[in-house]
2 protein chains.
Amino acid sequence: MPNNQFKKGELYSFITGKASTAIARRLQKKFNTAQLNLTIEQWSVLYHLWKQDGISQQELCNATFRDKPSITRLVDNLEKLKLVKRVSSKEDRRMNMIYLTAEARKMQEVSMELAEETLNEALTGVPEDQVEICKGVLQIVYDNLK
Amino acid sequence: MPNNQFKKGELYSFITGKASTAIARRLQKKFNTAQLNLTIEQWSVLYHLWKQDGISQQELCNATFRDKPSITRLVDNLEKLKLVKRVSSKEDRRMNMIYLTAEARKMQEVSMELAEETLNEALTGVPEDQVEICKGVLQIVYDNLK
DNA sequence: TTTGGATAGTTGTTTAACTAACTATATGCC
DNA sequence: GGCATATAGTTAGTTAAACAACTATCCAAA
């Protein structure tokens, strides 16, 4: 028997992701205010490179949950901004390994602080145990559908 | 004192809305399979018109959490698909009232069933009380940031 | 009654997502 | 070795979001 928790009136915001849209908009505004010339999507790519530099575009696809054309263009734009460099792999010449520039490395600290700040604003007034439950539910949703 | 529940490694999926992206993609695939020629964004506009027909573009902005140019273009495309009609208001000639066509009215039942089906798939294995908590947290997040 | 501000909607530009079709390289099998 | 297939990445076309600048209409106060 499927769960039928969703009355029609409540289904909308779950599908449209109003909460995560609001979070992303708030973070984008903070980037703009801080003169950080970076879109949230570009930041999400840098985020994974900060964790591990020199990974392939395919690995960025998996990490960011985006398809190959999206990553191609994000890397194009990040390259134009001189924040990453494509280096074609010597072991497998089909692959581009993506490396951060010094410029991009400098952006990590500020942007991560703004991201944490945004989440703290978003979660003001939410008890910690409920945040944990919410994270768990969203993880299951993702696993169910991926 | 701000909540500091977010370790850096966990912050990413909250901001990028992986769960809601996955839900929207799954629903879009169901639309395509069902030969329902409709994007999720277009569906989200129809959703509110099914609840109340003949509202203004500004009201659609508020309901769908989108800005005016986005709604202008969504209505443009829905008009091309002959799913809605713009009728300029007689009381206030600045306003367009948006009306569903018979064609669009026919799409409500099928598309809503697919949406509910998608959410049931997404929430498989999640206890009902946790879904409620999650919905509550996302609502607070939205209210905190809007 | 005119003028100035507010509101409703449109247009242009940039960035991104999705699909499909494409090129280049690698790999495994005959 | 040569061919089929899979994998990595790119390109093209459509839809959408965000922002800024714009037009048209309404309304209220001088």
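Remember, it's a predicted structure, so these values are computed and weren't measured experimentally.
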Trainee: Whole-Å distance between dA16(C) C1' and E41(B) CD?
Mentor: 12 Å
Trainee: Reading DNA chain D from 5' to 3', where do the contacts with chain B start and stop? Cut-off is 4.0 Å to heavy atoms.
Mentor: dT15(D) to dC26(D)
Trainee: Which part of the nucleic acid does Q42(A) contact within heavy-atom distance under 4.0 Å: base, sugar-phosphate only, or nothing?
Mentor: sugar-phosphate
Trainee: Between atom CZ of R26(A) and atom CD1 of I23(A), what is the distance when rounded to the nearest 0.5 Å?
Mentor: 10.0 Å
Trainee: I need the K18(A) NZ to T16(A) OG1 distance, nearest 0.5 Å.
Mentor: 6.5 Å
Trainee: Over how many whole Å does the gap from L60(B) atom CG to dA8(C) atom P extend?
Mentor: 13 Å
Trainee: For a quick check of understanding: with a heavy-atom distance under 4.0 Å over all strands, which category does T72(B) fall into, base, sugar-phosphate or nothing?
Mentor: base
Trainee: Could you give the CD1-to-C1' distance, from I40(A) to dT14(C), as a whole number of Å?
Mentor: 16 Å
Trainee: Looking across every strand, which nucleic acid part, if any, lies under 4.0 Å from R93(B) by heavy atom: base, sugar-phosphate, or nothing?
Mentor: sugar-phosphate
Trainee: Looking at R66(A), does any N or O in its side chain come under 4.0 Å of the phosphate oxygens OP1/OP2 on dA17(C)?
Mentor: yes
Trainee: Base, sugar-phosphate, or nothing: which does L74(B) touch, judged by heavy atoms less than 4.0 Å apart?
Mentor: sugar-phosphate
Trainee: In terms of the nearest nucleotide of DNA chain D, which residue is placed more toward the 5' end: D92(B) or R73(B)?
Mentor: R73(B)
Trainee: Does the side chain of M107(B) come within less than 4.5 Å of L83(B)'s, by heavy atoms?
Mentor: yes
Trainee: With N62(A), which of E59(A), Q58(A), R66(A) fulfils side chain to side chain donor-acceptor pair (under 3.5 Å)?
Mentor: Q58(A)
Trainee: For K80(A) and dA16(C), what is the distance between atoms NZ and P respectively, to the nearest whole Å?
Mentor: 10 Å
Trainee: Tell me which of K90(A) and K68(B) sits closer to the 5' end of DNA chain C, going by the nucleotide each one is nearest to.
Mentor: K68(B)
Trainee: Please work out if D67(A) contacts a base, only the sugar-phosphate, or nothing of the nucleic acid, heavy-atom cut-off 4.0 Å.
Mentor: base
Trainee: For D76(B) and dT11(C), what is the distance between atoms CG and C1' respectively, to the nearest whole Å?
Mentor: 10 Å
Trainee: Checking the side chain of N144(A) only, and the main-chain atoms of T124(B) only, is there a donor and an acceptor separated by less than 3.5 Å?
Mentor: yes
Trainee: Rounded to the nearest Å, what distance is computed from the CD atom of residue E91(B) to the C1' atom of nucleotide dA8(C)?
Mentor: 14 Å
Trainee: Is the shortest side-chain N/O distance from N77(A) to OP1 or OP2 of dT14(C) below 4.0 Å?
Mentor: no
Trainee: Could you say whether C61(A) or T21(A) is positioned toward the 5' end of DNA chain D, judged by the nucleotide with the nearest heavy atom to each?
Mentor: C61(A)
Trainee: Under 3.5 Å, is there a donor-acceptor pair between the side chain of W50(B) and the main chain of A104(B)?
Mentor: yes
Trainee: Under 4.0 Å between a side-chain N/O of Q58(B) and OP1 or OP2 of dA8(C), yes or no?
Mentor: yes
Trainee: Mind checking the CG-CD1 spacing from L49(A) to I55(A)? Nearest 0.5 Å is all I need.
Mentor: 5.0 Å
